[in-house]
Amino acid sequence: MTIDSRQVAAGMLEAVPFARTLGLEFVEVAPEAEGGVRAVVRLPDSPATHNHVGGPHAGAMFTLGETASGAVVLAAFGQLLDRAVPLAVRADIAYRKLAMGPVLATARLGRPAAEVIEELESGARPEFPVHVEISTEAGKPTSEMTVIWTLRPN
């Protein structure tokens, strides 16, 4: 699988204006072993996104994680956009440690893309997880998130 990181980033920023509002930066979108996909998205440190203790607001971190998961979905299933619409079904986030400064969300596809596509082609509406780890730039994990996505046939 070949992934054009710049095309995925541009597509996400066009489709999701709120990601532009937060100033999210797409660091990497790349294939992984066995048909997997990984995306890394960065939330810069900005007083406009701080909470009451000076770190990134929980809503900004949620948006960061959800955006990284969306980049994974676009990279894995973008070729299907003419026949299916990707939609987030639900999400779960756990804020484990206080984050300070810029943070990175690393998202990974939780099921093989081929399996999801096969399910869609059989007439089903597949659901699949994207797992996200949010950490400081130094690599200290601060939050974890899972977003369940579906591909709704057109």
Side-chain angles (χ1 to χ4, degrees), residues 1-44 49 56 58-97 99 102-154:
M1 169 190 300
T2 303
I3 297 173
D4 183 340
S5 239
R6 290 174 302 202
Q7 185 177 9
V8 171
M12 287 297 299
L13 292 172
E14 182 178 324
V16 186
F18 191 52
R20 286 193 312 267
T21 299
L22 288 179
L24 299 183
E25 302 166 355
F26 291 79
V27 176
E28 176 185 43
V29 183
E32 291 196 307
E34 300 177 21
V37 177
R38 176 185 67 254
V40 180
V41 180
R42 181 177 183 270
L43 173 66
T49 61
M61 289 180 58
F62 182 95
T63 301
L64 170 68
E66 196 270 345
T67 300
S69 77
V72 164
V73 172
L74 184 58
F77 306 110
Q79 76 278 15
L80 302 174
L81 293 180
D82 61 334
R83 45 189 195 140
V85 176
L87 298 169
V89 176
R90 63 187 173 279
D92 180 50
I93 190 166
Y95 302 99
R96 306 264 186 228
K97 302 265 184 198
V103 288
L104 298 170
T106 302
R108 288 185 162 85
L109 189 60
R111 281 179 62 193
E115 184 181 290
V116 174
I117 293 168
E118 184 179 308
E119 199 173 316
L120 177 68
E121 289 176 346
S122 77
R125 183 173 165 170
E127 287 192 3
F128 53 93
V130 177
H131 304 291
V132 183
E133 180 180 273
I134 300 173
S135 62
T136 64
E137 281 193 311
K140 175 184 163 191
T142 62
S143 305
E144 38 188 61
M145 179 179 198
T146 299
V147 183
I148 305 298
W149 286 83
T150 189
L151 296 176
R152 184 190 72 200
N154 291 340

Colleague: For Glu115, does the CD atom sit with more than 12 other heavy atoms under 6.0 Å from it, leaving out its own atoms?
Modeller: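 It does: Glu115 CD has more than 12 such atoms within range.
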Colleague: Hey, are the side chains of Thr67 and Phe18 touching, using non-hydrogen atoms and a 4.5 Å cut-off?
Modeller: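 Sidechains of Phe18 and Thr67: no contact.
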Colleague: Out of curiosity, Ser69 OG to Trp149 CH2, how far, rounded to the nearest 0.5 Å?
Modeller: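 If I round to the nearest 0.5 Å, the distance is 5.0 Å.
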Colleague: Would you mind checking if Arg83 and Glu121 are paired as a salt bridge, meaning a charged N to carboxylate O distance below 4.0 Å?
Modeller: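 Looking at Arg83 together with Glu121, the answer is yes, because their closest N to O distance falls below 4.0 Å.
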Colleague: Look at the side chain of Asn154 and the backbone N and O of Asp82, then say whether any donor-acceptor pair between them is shorter than 3.5 Å.
Modeller: yes
Colleague: Between Met145 and Glu133, is the side chain to side chain contact (heavy atoms under 4.5 Å, CB included) condition met? List the steps.
Modeller: CA-CA 6 Å; Met145 179 179 198; Glu133 180 180 273; over 6 Å; no
Colleague: Check the pair Phe77, Leu109 against side chain to side chain contact (heavy atoms under 4.5 Å, CB included), reporting the backbone distance first and the verdict last.
Modeller: CA-CA 11 Å; Phe77 306 110; Leu109 189 60; 4.1 Å; yes
Colleague: Measuring only between side-chain heavy atoms, which start at C-beta, is Arg108 closer than 4.5 Å to Val72?
Modeller: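 They are not in side-chain contact.
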Colleague: Can you check whether Leu22 reaches Leu64 side chain to side chain, under 4.5 Å on heavy atoms?
Modeller: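 No; the side chains remain at least 4.5 Å from each other.
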Colleague: Enter the distance from Leu43:CG to Thr63:OG1 here, rounded to the nearest 0.5 Å.
Modeller: 9.0 Å
Colleague: Nearest heavy-atom pair of Val73 and Pro86: which atoms, and what distance?
Modeller: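 For Val73 and Pro86, the tightest heavy-atom pair comes out as CG1-CB, 3.6 Å.
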Colleague: Please name the pair of heavy atoms, one in Ala84 and one in Leu151, separated by the smallest distance, quoted to 0.1 Å.
Modeller: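 Ala84 and Leu151 have their closest heavy atoms at CB-CB, 4.1 Å.
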Colleague: Could you pull out the closest heavy-atom pair between Ile134 and Ala105, with the gap in Å?
Modeller: CG1-CB, 4.1 Å
Colleague: Does the side chain of Pro153 come within less than 4.5 Å of Leu120's, by heavy atoms?
Modeller: yes
Colleague: So, are Arg111 and Glu119 salt-bridged, with charged N and O less than 4.0 Å apart?
Modeller: yes
Colleague: Could you tell me if the side chain of Lys97 sits less than 4.5 Å from the side chain of Pro141, heavy atoms only?
Modeller: no
Colleague: I'd like to check the side-chain hydrogen bond (donor to acceptor under 3.5 Å, both in side chains) partners of Thr146; sequence neighbours left out, ordered by chain and number.
Modeller: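 Only His131 meet the side-chain hydrogen bond (donor to acceptor under 3.5 Å, both in side chains) criterion with Thr146.
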Colleague: Could you pull out the closest heavy-atom pair between Arg42 and Leu104, with the gap in Å?
Modeller: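 Smallest interatomic distance, heavy atoms only, reads CB-CD2, 3.5 Å.
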Colleague: Ignoring hydrogens and angles, tell me if any N or O in the side chain of Arg96 forms a donor-acceptor pair with the backbone of Thr142 under 3.5 Å.
Modeller: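 Looks like no, no N/O pair under 3.5 Å.
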Colleague: For atom CD of Glu118, is the number of surrounding heavy atoms from other residues, nucleotides or ligands below 6.0 Å larger than 12?
Modeller: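 Open: at most 12 neighbouring heavy atoms sit under 6.0 Å from CD of Glu118.
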Colleague: Do the side chains of Ile117 and Gln79 get nearer than 4.5 Å, heavy atoms only?
Modeller: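 A side-chain contact under 4.5 Å exists here.
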Colleague: Tell me, do Thr106 and Arg38 make a side-chain contact under 4.5 Å, heavy atoms counted?
Modeller: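 Side chain of Thr106 against side chain of Arg38, heavy atoms only: contact under 4.5 Å found.
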Colleague: Mind checking whether Glu144 and Ile93 have side chains closer than 4.5 Å, heavy atoms only?
Modeller: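 They are not in contact (no side-chain heavy atoms under 4.5 Å apart), so the answer is no.
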Colleague: Identify the two heavy atoms, one from Ser143 and one from Tyr95, that lie closest to each other, and give their separation to 0.1 Å.
Modeller: OG-CD2, 3.5 Å
Colleague: Between Thr150 and Arg125, is any side-chain donor less than 3.5 angstrom from a side-chain acceptor?
Modeller: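 Note: Thr150 and Arg125 side chains meet the donor-acceptor criterion.
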Colleague: If you compare all heavy atoms of Ala99 against all heavy atoms of Pro56, which two are closest, and at what distance to 0.1 Å?
Modeller: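 So the two residues come closest at O-CD, 3.2 Å.
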Colleague: Yes or no on side chain to side chain contact (heavy atoms under 4.5 Å, CB included) for Leu13 and Phe26, after CA distance, side-chain angles and deciding distance?
Modeller: CA-CA 9 Å; Leu13 292 172; Phe26 291 79; 3.8 Å; yes
Colleague: Show, in sequence, the C-alpha distance, side-chain angles and deciding distance for Val40 and Val29, and conclude whether the side chain to side chain contact (heavy atoms under 4.5 Å, CB included) test is met.
Modeller: CA-CA 6 Å; Val40 180; Val29 183; over 6 Å; no
